[in-house]
Structure formats: C-alpha cells, structure tokens
Visitor: 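Starting off with a structure, shown below.
Throughout, a chain's letter reflects where its sequence line sits, starting with A, and its residues are numbered from 1. Scope of the values below: all heavy atoms of this structure, side chains included, with no hydrogens, waters or symmetry mates.
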There are 2 protein chains.
Amino acid sequence: MPRKSSAADAPLRLDNQICFAVYSAAHAFNRVYKPLLDRLGLTYPQYLVMLVLWERDDVPVKDIGERLFLDSGTLTPLLKRLEAAHLVRRTRSSEDERQVLIALTAQGHALKEKARNVPQSILAASDCSVPELVAMKDEIVALRDRLNAVIGE
Amino acid sequence: MPRKSSAADAPLRLDNQICFAVYSAAHAFNRVYKPLLDRLGLTYPQYLVMLVLWERDDVPVKDIGERLFLDSGTLTPLLKRLEAAHLVRRTRSSEDERQVLIALTAQGHALKEKARNVPQSILAASDCSVPELVAMKDEIVALRDRLNAVIGE
DNA sequence: CCATATTCAATTGCGAACAATTAAATGTGA
DNA sequence: TCACATTTAATTGTTCGCAATTGAATATGG
C-alpha cells in the first residue's frame, strides 16, 4: 500500500530544499543569459571569465580559478576556446614558467562595450528592485562562503 | 596605459552579479553534498531525481523533468545510470506507449532511509537558522520563477 | 648543492546540461 | 478515415565541472 506523506519526510521533500532552489535558479539564470550571450559569442562560464579579465587581465589561470571557484580542468579547455575565438592570448610567464598568463586581445577588450547592456537586461528579467537584488546577493554570497568554509574543514 | 576603474563599469563587476552569487553557491552546495552522496552512490542530480521519486514514483520522465526543470537529454542517460545501479526500473506505459514510467526498486525505496541524515548535515554546513534558510529559499524560488516566466516570453 | 616537496597547468575520464534532430505514438480537423 | 500536428523519449554533439593523474618548474631543508 502507498506510504502516506509523513512529517518525518519533510526534510527530504524537494520543495523544502534550499539547495534545489539555488540549483534551479542558477539554471534559470543560464537560460535567460543564453540569448543575450549568443550575440556576444560567449557561453555563461566564458562570460564570467571575461568579467574577471575586463577587471584585470594578464593574470595566471590560477587567479581566474580562485575568483570563480573553478580549477584548471575546467578553465584550460575554456580558455583555449576563448583563444580560438581570438578574445584572449595564453602565454607562459617568463618569471615563473609554470604559470600561463591570460591577456585580452583587442577584440577581447572591445567585447566589453558590447556586453554593457547585458546586466540591465538581466535586471529587467529578474523583475526586482536593485536594493532587493543586492540584499539577496549578499545573503547568498554569505551562505556560499559559509559552505566553502566547511569544505576546507 | 591601464584603464582606471570607473563607475560605469560597476554593472559588469563580478562581485555585483547576483547570477554569479547563485552560480557559485550552487557549486558550493555541490561540493558539500559530494562526500555525503558518495556514501549513497549518488551524484547530486541523481539525488534530486530520487527525492522526486521518493515523493511519488511510477511517473513518466516528463513529470520528473517538469519538477526539476530538466529535459530528456539530461534525464534519459541519468535514469539509465540509476537503472544500472538497480535503484529504478524503466518501463513503457501500456496506456501511452510514448511514455517511459520510472518506478523505484526495493533498493531504491530502501535508499531513502540511508538518505534521511543528509538534510541535517547540509543544515549544519550552512551554519544558518532554519527560519533564515526558509526565507532565503522562498526568495530564491520567487526569483527563479520570475526568470522562468520571462523565458516563456 | 642536492634530494624532496610544492605549485601550476594540462590531460583523461565521467557525469551532467542543453540544443537540435529523430522516430514513434497519439490526438485533431476536415 | 486520413492527412497533419502534437507529444514523448531517445540520440547526437558541444560545453561545463570536477576528481585524479601527470609532468614540468620552483621552493625548501639539510
């Protein structure tokens, strides 16, 4: 016979999981970004890398990884695709031959101007006031940082 | 010469992006879940599918997809892996031969008991009160739903 | 100075995620 | 009834994401 819904099951119910809220919201953002980023020829993770580089380029892969919480297994092929698209250049550091420095090309710099309208499109899609979004962002970042603190033990 | 940091760049700064907060929080959750789910032999997306099935099984792939915002391109191979792990059975519906119904095996049902301690481990890692987490979850779900509403135009 | 450890990127292999297409089953309108 | 559209999974191909390993460069201790 069918097991009836019990209060003991509440912690396992999908709709009670904050992780699923976050997981599904991330995918929803991805889907909203898709058509906007298609016009720039970027995927969402590539866009994040470009955001980092637009703030400061000529940085080692490791710095990008620490900023985005990604490792070389993700970044190396991604950066090779950005290089193939002529948006970045990858060169071994002369001071430390282990490092690969990532620099923007002229095209990479220029793409920043085409990207300027993206944030406001996202803001419109989120249908939310800026102060509310900032407050949510700060809460989510604080949660993320507490989770990441647990991982390092 | 180096372009100096300008107020006009604020919308493009990584730390101002709520999407990145959500994106990086999702990855942080994944990393916290990893060791817990390894003990169950599940990945995080597989765990989400099991959560759905523990609520109600014998459901078509499409229902699982609507619940999790995933399509058959993701679910078909994932469900085949759960089938290979003897956690679910996949059978064509006799009423509608287009549908594949997903049912839990005895092992699949039994795994629910082993999963009961997972939510409290996550709660501990989040280092946050339940009411605060519930409030955040509701805000994030509301944001996700507004974003998804835009996608359907 | 040398053996050892550490750092860094690249590589390999697996599991998502999704767009686009395919194929089969079912539904609908003339 | 029959042509046509819709629904549903499966498939293919590309891109992440990460664990684990490799190999080269650099740092460190004795």
Visitor: Testing the basics here: between Ala10(A) and Asn16(A), what is the closest heavy-atom pair and its distance to 0.1 Å?
Guide: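 For Ala10(A) and Asn16(A), the tightest heavy-atom pair comes out as O-ND2, 2.8 Å.
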Visitor: Which atom names give the shortest non-hydrogen contact between Leu123(A) and Cys128(A), and what distance separates them?
Guide: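 Heavy atoms of Leu123(A) and Cys128(A) come nearest at CD1-O, 3.8 Å.
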Visitor: List the residues meeting salt bridge (Lys or Arg N to Asp or Glu O under 4.0 Å) with Arg90(A), not counting sequence neighbours, and say none if there are none.
Guide: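 For Arg90(A), the residues satisfying salt bridge (Lys or Arg N to Asp or Glu O under 4.0 Å) (neighbours in sequence not counted) are Glu83(A).
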Visitor: Pull out every residue in residues 66-84 of chain B that has a heavy atom closer than 4.0 Å to any atom of DNA chain D, ordered by number, or say none.
Guide: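 Within this stretch, Ser72(B), Gly73(B), Thr76(B), Lys80(B) sit under 4.0 Å of the strand.
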Visitor: For Tyr33(B), enumerate each residue passing the ring-ring contact (aromatic ring centres under 6.0 Å, His included) test, keeping only those at least two apart in sequence or located in another chain.
Guide: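 Residues passing ring-ring contact (aromatic ring centres under 6.0 Å, His included) with Tyr33(B): Tyr44(B), Tyr47(B).
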Visitor: Considering only heavy atoms, which members of residues 90-98 of chain A lie under 4.0 Å from some atom of DNA chain D?
Guide: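 Only Glu95(A), Asp96(A), Glu97(A), Arg98(A) qualify.
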Visitor: I need the residues from residues 14-50 of chain B with at least one non-hydrogen atom less than 4.0 Å from DNA chain C; give them sorted by number, or say none.
Guide: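 DNA chain C contact set from residues 14-50 of chain B: Thr43(B), Pro45(B), Gln46(B).
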Visitor: Is there any salt bridge (Lys or Arg N to Asp or Glu O under 4.0 Å) pair reaching into residues 16-31 of chain B, and which pairs are they, with sequence neighbours excluded?
Guide: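 Listed once each, the pairs would be none.
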Visitor: In a check of side chain to side chain contact (heavy atoms under 4.5 Å, CB included) between Ile64(A) and each of Leu78(A), Leu70(A), Leu53(A), which one passes?
Guide: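 Going through the options one by one, the only one that passes is Leu53(A).
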Visitor: Considering only distance and modelled atom types, tabulate donor-acceptor pairs under 3.5 Å from the side chains of residues 130-141 of chain A, sequence neighbours left out.
Guide:
from      : atom 1 : to        : atom 2 : distance (Å)
Glu132(A) : OE1    : Ser129(A) : N      : 3.4
Glu132(A) : OE1    : Ser129(A) : OG     : 3.1
Lys137(A) : NZ     : Asp15(B)  : O      : 3.4

Visitor: Checking Arg98(A) now: which residues fulfil salt bridge (Lys or Arg N to Asp or Glu O under 4.0 Å) with it, not counting sequence neighbours?
Guide: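 By the salt bridge (Lys or Arg N to Asp or Glu O under 4.0 Å) rule, Arg98(A) matches Asp96(A).
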Visitor: Once you round to the nearest 0.5 Å, how far does OG1 of Thr105(A) lie from CG of Leu87(A)?
Guide: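 Answer for the OG1-CG pair, Thr105(A) versus Leu87(A), is 5.5 Å.
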Visitor: Just to verify, what does Lys34(B) make a side chain to side chain donor-acceptor pair (under 3.5 Å) with, not counting sequence neighbours?
Guide: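 Scan of Lys34(B) (side chain to side chain donor-acceptor pair (under 3.5 Å), adjacent residues dropped) gives Asp38(B).
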Visitor: Residues two or more places apart in sequence or in another chain: which of them pass ring-ring contact (aromatic ring centres under 6.0 Å, His included) with Phe20(B)?
Guide: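 Phe20(B) satisfies ring-ring contact (aromatic ring centres under 6.0 Å, His included) with no residue once adjacent residues are dropped.
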Visitor: Give me each pair satisfying salt bridge (Lys or Arg N to Asp or Glu O under 4.0 Å) with a member in residues 43-58 of chain A, each pair once, sequence neighbours excluded.
Guide: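 Sorted result for residues 43-58 of chain A: Glu55(A)-Arg67(A).
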Visitor: Earliest and latest nucleotide of DNA chain D, 5' to 3', sitting under 4.0 Å from a non-hydrogen atom of chain A?
Guide: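 Contact boundaries, 5' end first: dT15(D) to dT26(D).
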